[in-house]
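Everything on this sheet refers to the single structure shown next.
Nothing fancy with the numbering, it's 1 onward along the sequence.
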Amino acid sequence: MFGIGPLELVVIAIVAVLVFGPDRLPEFARTAGRLLRQVRQMVNNAQNDLRNELGPEYADLELQDLNPKNFVRKHLLDPIEDEVKSVSEMSDNTPQRLPAGAKPPFDPEST
């Protein structure tokens with residue numbers, strides 16, 4: 001969570017108890033929870049408004065897709081990986097050897 005490990009979380013809790021005191025800490029935690037819930041609701045509303053304004057073409061829009069790394073991976077690298085898979089699947093179909101003495105196929109238009 002936000003790059004915070006368990007040890008840092010314990011240190012933050014101890015500092016919070018020292019700064020706010022054990023009497024005010026539950027009230028502060030409730031207020032922080034409400035604030036987090038309101039921020040999450042505002043983000044969800046903004047995302048829904050953005051989807052509604054952009055139209056049905058962007059109904060599957062995710063905010064994570066707007067991150068440049070995810071955008072490049074989704075639109076540039078995924079098609080390459082699909083092509084590599086299809087090429088590797090085609091290479092699995094090794095051509096059949098002709099029996100001894102059989103003439104190879106000839107296409108007069110290719111010469």
Side-chain angles (χ1 to χ4, degrees):
M1 180 173 87
F2 304 115
I4 298 175
L7 184 61
E8 290 95 357
L9 200 58
V10 169
V11 170
I12 290 172
I14 291 171
V15 170
V17 168
L18 292 175
V19 171
F20 297 110
D23 297 336
R24 292 182 48 208
L25 192 60
E27 178 184 338
F28 179 74
R30 277 192 296 276
T31 304
R34 282 190 207 119
L35 178 67
L36 183 62
R37 193 174 0 200
Q38 288 175 348
V39 168
R40 191 176 295 155
Q41 185 178 12
M42 287 176 18
V43 168
N44 287 338
N45 289 340
Q47 189 174 4
N48 290 335
D49 289 345
L50 183 64
R51 284 184 185 139
N52 290 336
E53 292 296 323
L54 290 175
E57 304 90 35
Y58 296 97
D60 62 344
L61 176 70
E62 293 293 329
L63 291 179
Q64 292 87 4
D65 293 342
L66 300 177
N67 182 342
K69 287 183 181 179
N70 293 341
F71 182 83
V72 168
R73 185 177 303 124
K74 181 177 181 181
H75 295 286
L76 296 179
L77 298 180
D78 283 348
I80 292 172
E81 291 173 0
D82 292 340
E83 289 175 11
V84 169
K85 288 178 184 176
S86 66
V87 168
S88 66
E89 289 172 359
M90 288 192 309
S91 66
D92 291 342
N93 299 331
T94 56
Q96 298 286 331
R97 291 193 176 259
L98 291 175
K103 291 185 178 182
F106 176 74
D107 186 8
E109 295 177 6
S110 65
T111 57

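Residues Val15 and Val17 fall within the same hydrophobic cluster, defined by Ile, Leu, Val, Met, Phe, Trp and Tyr side chains chained together at heavy-atom separations under 4.5 Å.
At a threshold of 4.5 Å between non-hydrogen side-chain atoms, the residues Arg40 and Arg37 do not count as touching.
In this structure, the side chain of Glu8 engages the main chain of Gly5 through a donor-acceptor pair within 3.5 Å.
In this structure, CG on Leu7 lies 10.0 Å from CD1 on Ile12, to the nearest 0.5 angstrom. Taken from CZ in Arg30 to CG in Leu25, the straight-line distance is 10.0 Å, to the nearest 0.5 Å. Once rounded to the nearest 0.5 Å, the distance linking CD of Gln47 with CG of Asp49 reads 10.5 Å. In this structure, CG on Leu50 lies 8.5 Å from CD on Glu53, to the nearest 0.5 angstrom.
Among pairs with a residue in residues 3-23, those fulfilling ring-ring contact (aromatic ring centres under 6.0 Å, His included) read Phe20-Phe28, at least two apart in sequence or across chains.
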